[in-house]
There are 2 protein chains.
Amino acid sequence: MPPADHAVRLAWPGRAEFARPPLATLKVVQPGAASTRLVWGDNLSALAALGAGQERAHLVYMDPPFFTGREHTHVERSRGKDGIVRRLLPAFDDRWGSLQEYLQELGSRIQSARDLLDPAGCLVLHVDPKTSHYAKVLCDEIFGAQAFASEIVWRYRRWPAKTKNFQRVHDVLLRYVRDPETEPRFKQLYEPLAPSTAKTWGKSRQRAVVDARGRRRRSSVTEEASPGAPLGDVWDISIIAPVARERTGYPTQKPEALMARLVEACTAPDDLIVDAYCGSGTTLAVAARLGRRAIGIDQSPQALEISRKRLSALGIQAQEECLVLQKRERLRPLARAAGAAGLPVLVAGPRPA
Amino acid sequence: MPPADHAVRLAWPGRAEFARPPLATLKVVQPGAASTRLVWGDNLSALAALGAGQERAHLVYMDPPFFTGREHTHVERSRGKDGIVRRLLPAFDDRWGSLQEYLQELGSRIQSARDLLDPAGCLVLHVDPKTSHYAKVLCDEIFGAQAFASEIVWRYRRWPAKTKNFQRVHDVLLRYVRDPETEPRFKQLYEPLAPSTAKTWGKSRQRAVVDARGRRRRSSVTEEASPGAPLGDVWDISIIAPVARERTGYPTQKPEALMARLVEACTAPDDLIVDAYCGSGTTLAVAARLGRRAIGIDQSPQALEISRKRLSALGIQAQEECLVLQKRERLRPLARAAGAAGLPVLVAGPRPA
DNA sequence: GCAGTTAATGAATCGCATG
DNA sequence: CCATGCGATTCATTAACTG
């Protein structure tokens, strides 16, 4: 069921419908036994293959390339005889013919992600302030503007750039709920009270007071301890320090603290989380730590390798490798490589009636 | 000269060219003698009338209605015999037939604002996270994507709303430079170092250190005192407290601290600032305090009245009232009212050859 | 002056009337 | 009926006031 039509849309020459890979060309992903799974393949096919199965996700997180026009590299560190040796390896390619080409691909993936969501679930799309605006107009088309929940601003600190402009120190996370009519999964989190509030009211919760004439009076102090202020949509979380233990060397790695907030607020234990651009596996690691089931998708075997190592370092052995096969010739090389690497392949049953 | 064509655009049924009021229908605003001026009239006409004149602005600030679908009210306070009496008066109407109608009007004003900018000047458009994305796509069309400078996030603290979502606690300010090839007006401002940085490095400035093989070493501490970190694009500034002295009662009033940052960073003394939605006159007050010339435009005589009082409380007597006249019948009542109120009317010479 | 106390409110949100 | 509107409810926030 598509959302109500949105009169204001993005237009570009030759804009086509967003692709929905036909079911006939896919092997559908089965519900797996393990609570953390890795899917190797094109994420458009993978999202469609998952959507054709019976499972529904409470959170789909997408951290696509930001249309930077660059090829991003993975910094691999190893111990050589002269100390630590750094090797630069290509990780993912963020070069596109044009903005419209980028948006065409992104839109298809957003659409397939939506199909995979539970009615109480949500999509979180992680972008930067240059692409977020185009992405939001696309999302409004796909989900309906009513489904827009939050623009979360992730504010971080970094080494300043020499520029005649304000330093860019934030990313944007767009959150859409699948169905605005359904009560969404949401756990209220709190942040510390502002210093000025704490000074005036201490740690007690306040209560609004209205007199007989309907006018506001001074709020009263209650016995209850305040849990803090309900969490806002601007999050001050530091980027992964160059020497941090969680750092993998994979480019554009996101901090676990950021993902933990999202996962805690938007899902409950045992819910399914899908990360369509898995990368170094931050989402999977956080999901496992917080007792959520998770599936990570990535096209790059190197990314999956890093994720697999990271998970096993956490003692998570139960994850499986699986591979989305498209029957088309294009993905045959992946399939052959998978066979050579001894990866099991999962296929799945039909969508419930 | 229009910017390079942008292939990705917003489309809606019946989208028309953005209106540029024909010069023949306008009386053009003259450069005024006073450093703070008020213009009463429709801001589209007023921006066009200013653009047809000789002056160029280094900052055009626009704080339009946010497409809230509501009529906003002004809380007027006066001293009655039973204490303070509050009266609710309509201030501005933010009800629209549709999003496209809103965007059509907004786009015309953005376009006229651009025409008025100095090559080293910039536009700042203040919106909320629901409209910012549409507004940015429009601005990219009008200015060219290259002219996009910053998405500034204004983060404030407010009473919590009871909602199954992250609390919305930020506004968005989109900044575009007039000409990306020209060195923009920009004064580097600083913010306090992060606590973790101050702990490690104290108040001294750091210097990057690179060894003979081109590898980064631990940075060195310099003698120089650090001025802080170059100001970022996420600003934590409190809203105007219910009991603050600067509060006028006019709805959606912006804090002076916010405007002061913008004005200091984006203009130099004696530069011209134009506020197309002047409201209670915050921009004018700040501009005057910082020694910038300023013109405020508003359609509402009540808004101008509040601004005039606010300015005269600051000892600024030199401001003039002027009125943009359109020769069309539609604005005749305004003109008649202006005459009745004894307001002088400024008209101006032609654009320079 | 400084520190502790007081005051006022919402570019909110929700839910029940009203056509 | 299903939009729309208006009235009731919310409590963290911070400048001004008081002693």
Side-chain angles (χ1 to χ4, degrees), chain A residues 4 146 149-151 180-181 183-184 186 188 190-222 224-233, chain B residues 62-77 83-86 88 90-97 102 125-132 135 154-173 236-258 277 279-280 282:
Chain A
Q146 293 305 314
S150 289
E151 173 180 82
E181 305 303 314
E183 170 110 333
F186 191 75
Q188 182 66 64
Y190 297 88
E191 54 188 319
L193 294 176
S196 61
T197 308
K199 209 177 134 198
T200 312
W201 299 94
K203 288 175 197 156
S204 316
R205 183 176 275 205
Q206 307 165 44
R207 173 161 294 151
V209 175
V210 182
D211 73 10
R213 293 214 303 267
R215 292 178 44 170
R216 285 293 304 283
R217 293 276 150 238
R218 180 183 156 76
S219 302
S220 70
V221 183
T222 65
E224 264 179 290
S226 167
L231 184 60
D233 58 6
Chain B
M62 305 214 306
D63 182 21
F66 290 179
F67 192 63
T68 58
R70 291 216 305 273
E71 198 181 22
H72 294 259
T73 52
H74 165 45
V75 183
E76 196 198 52
R77 297 184 118 76
I84 288 161
V85 181
R86 295 161 81 247
L88 294 181
F92 65 89
D93 196 349
D94 188 16
R95 294 171 298 183
W96 305 82
Y102 172 82
L125 177 64
H126 190 144
V127 278
D128 80 358
K130 272 190 184 137
T131 49
S132 72
W154 170 33
R155 189 249 206 268
Y156 43 83
R157 284 158 196 283
R158 355 162 279 241
W159 53 99
K162 205 173 187 178
T163 173
K164 285 214 157 232
N165 194 6
F166 304 107
Q167 303 286 328
R168 197 176 79 61
V169 290
H170 76 277
D171 281 10
V172 170
L173 287 82
D236 207 322
I237 293 176
S238 52
I239 50 174
I240 299 170
V243 292
R245 180 179 294 275
E246 64 172 289
R247 191 181 192 95
T248 62
Y250 201 80
T252 74
Q253 187 186 345
K254 301 302 178 292
E256 296 197 4
L258 176 73
Y277 298 82
S280 56
T282 307

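First the proteins, then the strands, lettered A, B, ... as listed; each starts at 1. Please read all numbers here as calculations on a predicted model, not as lab measurements.
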Note, DNA chain D 5' to 3' with Watson-Crick or G-U pairs under 3.5 Å encoded as ( ), [ ], | and . gives .||||||||.|||||||||
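Nearer to the 5' terminus of DNA chain D, by closest-nucleotide assignment, is the contact made by A:Pro230 (compared with the other of B:Arg245 and A:Pro230). Of the two residues near DNA chain C, A:Lys199 and B:Arg158, the one whose nearest nucleotide lies more 5' is A:Lys199. If A:Trp201 and B:Asp63 are placed on DNA chain C by their nearest nucleotide, the residue sitting closer to the 5' end is A:Trp201. Summary of the strand contacts: A:Thr197 and B:Gly69 both lie near DNA chain D, and taking for each the nucleotide with the nearest heavy atom, the more 5' one is attributed to B:Gly69.
For B:Arg70 and C:dG10, the CZ to P distance is 11 Å, given to the nearest whole Å. Whole-Å rounding puts the B:Arg168 CZ to C:dA11 C1' distance at 7 Å. Rounded to whole Å, atom C1' of C:dA12 lies 13 Å from atom CG of A:Asp233. At whole-Å resolution of the value, CD in A:Glu181 and C1' in C:dC14 are 14 Å apart.
Checked against C:dA11, C:dA7, C:dA12, the side chain of B:Phe92 finds its nearest nucleotide in C:dA11.
Residue contacts shown for B:Pro64 include a base, since a base heavy atom lies under 4.0 Å away. Among the protein residues, B:Arg95 comes within range of no part of the nucleic acid, since none of its heavy atoms lies under 4.0 Å from any strand. The residue B:Lys254 sits close to a base: some heavy atom pair falls under 4.0 Å.
Between C:dT5 and C:dG1, the two P atoms lie 22 Å apart (nearest whole Å). Comparing the C1' positions of C:dA11 and C:dA7 gives an interatomic distance of 23 Å, to the nearest angstrom.
Relative orientation of the B:His72 and B:Phe92 rings is parallel, given thresholds of 30° and 60° on the angle between their planes. In this structure, B:Trp96 and B:Tyr102 have perpendicular ring planes: the angle between them is above 60°, well past the 30° mark.
Think of the region where chain A sits on DNA chain D: with heavy atoms and a 4.0 Å cut, that region ends 5' and 3' at D:dT10 to D:dT14.
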